[in-house]
**Q** 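Before I ask anything, here is the structure I am working with.
All values below were derived from every heavy atom in this structure, side-chain atoms included, with hydrogens, water molecules and symmetry-related copies excluded. Sequence lines set the chain letters: A, B, ... in the order given, protein chains first and strands last, and positions in each chain run from 1.
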Amino acid sequence: MSVQTSEPPDAACGDFAGRLLDWYDRSARALPWRVPPGSGRVPDPYRVWMAEVMLQQTTVAAVAGYYERFTARWPTVADLAAADDADVMAAWAGLGYYARARNLLACARAIVRDHGGGFPDSEAGLRSLPGVGDYTAAAVAAIAFGRPAVVVDANIERVIARHRLIETPLPAAKRAFKAELAPLVPADRPGDFAQALMDLGAGVCTPRAPACDRCPVGADCRARGRADIERLPVKPAKKAKPQRYGIAHWIERDDRLWLVRRPEKGMLGGMRALPGGEWAAMPPAESGIAEVDHGFTHFDLRLTLVRREAPLAAAEGEWWPLATLDAAGLPTLYRKLVDKMRERKG
DNA sequence: AAGGCGTGGAA
DNA sequence: TTTCCAAGCCT
């Protein structure tokens with residue numbers, strides 16, 4: 001309801017959601033998966049879900065192209081559910097966190113098989129789907145279904161930790177963030193509220209050098225002006241990344257390259273790859289024809305490329321034409337090796 | 001519940 | 001160069 005207030009103007013300082021949404025109506029980023037605020041249009045739950053999964057731990061810039069290609073190739077959840085696993089995994093190549101792609105397919109198929117082809121419209125229903133955790137369930141419920149869910153991502157954690165000066169370290173602070181946020185969620189625009197907070201965290205209340213002078217809720221921010229504002233939210237110390245080493249095999253015959261598929265679980269699970277041994281703490285004795293360094297989340301890897309004449313006798317794999325190697329969907333680690341070999345051949 | 005799980009851009 | 005970290009999920 002829209003009640004006319006008789007309170008003096010500075011009482012608006014209490015209206016967190018009002019100030020935030022006014023700012024969002026003026027400053028919302030135009031994103032491929034987003035419906036403009038105030039347009040009255042309702043976004044397609046399938047597209048909202050697709051975008052949210054891609055955006056997990058991944059930047060907007062990295063996602064945009066993948067989102068366009070996926071939604072063009074598989075316009076509906078039924079199309080995606082009917083897709084070949086290999087096609088989806090190859091299309092995801094380069095985006096990272098490949099369990100998301102496996103769960104994306106599993107979720108699409110669960111929607112078709114168990115939910116009549118339509119997404120559940122409640123947070124709890126969404127939460128039960130593969131690859132949908134607390135954040136994504138809340139985001140889809142709020143954005144696609146207008147449910148007053150409490151959406152908390154890393155941007156929103158930062159905004160709330162600062163605005164309320166919460167110094168509890170993550171992840172324990174999560175409960176406090178939700179508790180602070182819950183009474184602020186406006187019943188009429190929960191999706192815009194969540195997206196406004198994320199835009200605020202992404203563009204104004206940034207990890208370093210926040211632009212507090214442009215903040216719509218800065219007037220009552222408890223961290224504003226503090227020299228240590230960048231310390232919030234408090235995070236646990238990171239562990240050092242170990243160095244690991246491995247070998248990859250370049251097996252070429254008749255202008256084709258021998259590719260294998262990695263096991264479903266573990267690093268780069270389910271992705272096409274160059275064959276090779278386990279990755280270990282010690283460098284290989286063998287010297288190779290190329291070498292790449294690649295940083296993963298929890299270790300750094302140096303991979304040595306060694307030429308081989310033929311696959312192991314019992315090996316499973318496929319001879320992939322060198323001319324169309326880009327379409328094989330190799331993860332970045334192996335793409336780096338392919339690029340090096342192309343440089344060699346000039 | 002703490003660690004496994006990618007990548008590329010920014011500072 | 002190194003470090004940080006982005007619309008997290010799963011086990």
**Q** Rounded to the nearest Å, what distance is computed from the CG atom of residue A/L95 to the C1' atom of nucleotide B/dG8?
**A**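 About 11 Å, once rounded to whole Å.
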
**Q** Output the single nucleotide from B/dG6, C/dC5, C/dG8 whose closest atom is nearest the side chain of A/L268.
**A**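 Minimum distance to the A/L268 side chain belongs to B/dG6.
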
**Q** Can you find an N or O donor on one side and an acceptor on the other, under 3.5 Å apart, linking the side chain of A/T297 with the base of B/dG4?
**A**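 There is none.
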
**Q** Any base atoms under 4.0 Å from A/G94, or only sugar-phosphate, or nothing? Heavy atoms, all strands.
**A**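 Counting heavy atoms under 4.0 Å across all strands, the contact made by A/G94 is with sugar-phosphate only.
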
**Q** What contact category does A/G295 fall into here, base, sugar-phosphate, or nothing, at under 4.0 angstrom with non-hydrogen atoms?
**A**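 Since a base atom lies under 4.0 Å of A/G295, the category is base.
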
**Q** Starting at atom CE of A/M54, determine the distance to atom P of C/dC9, rounded to an integer number of angstrom.
**A**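 For the pair A/M54 CE and C/dC9 P, the rounded distance is 16 Å.
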
**Q** For a quick check of understanding: with a heavy-atom distance under 4.0 Å over all strands, which category does A/W33 fall into, base, sugar-phosphate or nothing?
**A**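 It contacts base atoms.
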
**Q** Assess the side chains of A/K241 and A/H298: does a donor N or O sit below 3.5 Å from an acceptor N or O?
**A**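 Short answer, no.
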
**Q** Assess the residue pair A/Q243 and A/F299 against the criterion (side chain to side chain contact (heavy atoms under 4.5 Å, CB included)); give the C-alpha distance rounded to whole Å, side-chain angles, the decisive distance to 0.1 Å, and a yes or no.
**A** CA-CA 6 Å; A/Q243 177 71 48; A/F299 63 92; over 6 Å; no

**Q** If you assign A/K238 and A/Q56 each to the DNA chain C nucleotide with the nearest heavy atom, which residue ends up on the more 5' nucleotide?
**A**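 The answer here is A/K238.
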
**Q** Under 4.0 Å between any heavy atoms, over every strand shown, what does A/M267 touch: base, sugar-phosphate, or nothing? Just pick one.
**A**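 If one applies the 4.0 Å heavy-atom cut-off, A/M267 turns out to touch the sugar-phosphate alone, with no base involved.
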
**Q** Touch check for A/R34, heavy atoms < 4.0 angstrom, all strands: base, sugar-phosphate only, or nothing?
**A**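 Counting heavy atoms under 4.0 Å across all strands, the contact made by A/R34 includes a base.
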
**Q** Over all strands shown, is A/A154 touching base, sugar-phosphate only, or nothing at heavy-atom distances under 4.0 angstrom?
**A**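 Sugar-phosphate, backbone atoms only, no base.
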
**Q** Quick one, A/Y24 with A/Q195, criterion side chain to side chain contact (heavy atoms under 4.5 Å, CB included). Give me CA distance, side-chain angles, the key distance, then yes/no.
**A** CA-CA 8 Å; A/Y24 185 67; A/Q195 293 177 94; 3.4 Å; yes

**Q** Calculate the interatomic distance between A/N103 atom CG and C/dG8 atom C1'; express it in whole Å.
**A**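 Roughly 11 Å, once rounded to whole Å.
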
**Q** Could you check how far CG of A/D300 sits from P of C/dT2, rounded to whole Å?
**A**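 Atom-to-atom, A/D300 to C/dT2, this comes out as 10 Å.
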
**Q** Would you mind checking if A/D254 and A/R256 are paired as a salt bridge, meaning a charged N to carboxylate O distance below 4.0 Å?
**A**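 Result for this pair is no, no salt bridge flagged.
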
**Q** Does B/dG8 have its OP1 or OP2 closer than 4.0 Å to a side-chain nitrogen or oxygen of A/T59?
**A**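 So the side-chain polar atoms of A/T59 never come under 4.0 Å of the phosphate oxygens OP1 or OP2 of B/dG8.
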
**Q** Does B/dG3 have OP1 or OP2 under 4.0 Å away from a side-chain N or O of A/H298?
**A**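 Checking B/dG3 against A/H298, no side-chain N or O comes under 4.0 Å of OP1 or OP2.
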
**Q** Assign A/L104 to base, sugar-phosphate, or nothing according to its heavy-atom contacts below 4.0 angstrom with the strands shown.
**A**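 The answer is nothing, as A/L104 stays clear of every strand by at least 4.0 Å.
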
**Q** Closest-nucleotide mapping onto DNA chain C: is A/R158 or A/V132 further toward the 5' terminus? I mean the 5' end.
**A**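 Here A/R158 is the residue nearer the 5' end.
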
**Q** Specify the separation, in whole Å, of atom CZ of A/R244 and atom P of B/dG6.
**A**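 Interatomic distance, CZ of A/R244 to P of B/dG6: 12 Å.
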
**Q** Give one of base, sugar-phosphate or nothing for A/P171, where a contact means two heavy atoms less than 4.0 Å apart.
**A**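 Since no nucleic acid heavy atom lies under 4.0 Å of A/P171, the category is nothing.
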
**Q** Which nucleotide wins on minimum distance to the side chain of A/Y135, given the candidates B/dG6, C/dC9, C/dC10?
**A**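 Given the options B/dG6, C/dC9, C/dC10, the side chain of A/Y135 is closest to C/dC9.
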
**Q** In plain terms, say whether A/D87 and A/R73 are close enough for a salt bridge, that is, a side-chain N and a carboxylate O under 4.0 Å apart.
**A**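 Yes.
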
**Q** Using the P atom as the point on both nucleotides, what is the distance between C/dC9 and B/dG8, in whole Å?
**A**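 B/dG8 and C/dC9 have their P atoms separated by 22 Å.
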
**Q** Ignoring the backbone of A/L333, work out which of B/dT7, C/dG8, C/dC5 is nearest its side chain.
**A**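 So the nucleotide nearest the side chain must be B/dT7.
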
**Q** Take atom CH2 of A/W279 and atom C1' of B/dC5, then tell me their distance rounded to the nearest Å.
**A**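 After rounding, the reported distance stands at 11 Å.
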
**Q** Counting only side-chain nitrogens and oxygens, does A/H294 get under 4.0 Å of the OP1 or OP2 atom of B/dG6?
**A**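 For B/dG6, OP1/OP2 do not have a side-chain N/O of A/H294 under 4.0 Å.
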
**Q** Under a 4.0 Å N-O cut-off, is there an ion pair linking A/K336 with A/E343?
**A**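 Looking at A/K336 and A/E343, the cut-off is not met.
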
**Q** Could you tell me whether the phosphate oxygens of C/dA6, OP1 or OP2, come under 4.0 Å of any side-chain nitrogen or oxygen in A/K235?
**A**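 Looking at the OP1 and OP2 atoms of C/dA6, one of them is under 4.0 Å from a side-chain N or O of A/K235.
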
**Q** Under 4.0 Å: is that the gap between some side-chain N or O of A/T58 and OP1 or OP2 of C/dG8?
**A**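 Result: no.
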
**Q** Using OP1 and OP2 only, check whether a side-chain N or O of A/Q57 sits under 4.0 Å from C/dG8.
**A**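 So the side-chain polar atoms of A/Q57 do come within 4.0 Å of the phosphate oxygens OP1 or OP2 of C/dG8, strictly under.
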
**Q** Need to verify one output field. Residue with the more 5' nearest nucleotide on DNA chain B, A/K336 or A/F299?
**A**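 Result of the comparison: A/F299.
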
**Q** Please give, in whole Å, the distance from B/dG3 C1' to A/K239 NZ?
**A**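 Atom NZ in A/K239 sits about 7 Å away from atom C1' in B/dG3.
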
**Q** Rounded to whole Å, how long is the line connecting atom OH of A/Y98 with atom P of C/dG8?
**A**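 Result: 18 Å.
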
**Q** Considering just the side-chain nitrogens and oxygens of A/K241, establish if one lies under 4.0 Å of OP1 or OP2 belonging to C/dT3.
**A**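 Result: no.
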
**Q** Can A/H249 and A/W258 be said to form a side chain to side chain contact (heavy atoms under 4.5 Å, CB included), step by step?
**A** CA-CA 9 Å; A/H249 298 314; A/W258 180 250; over 6 Å; no

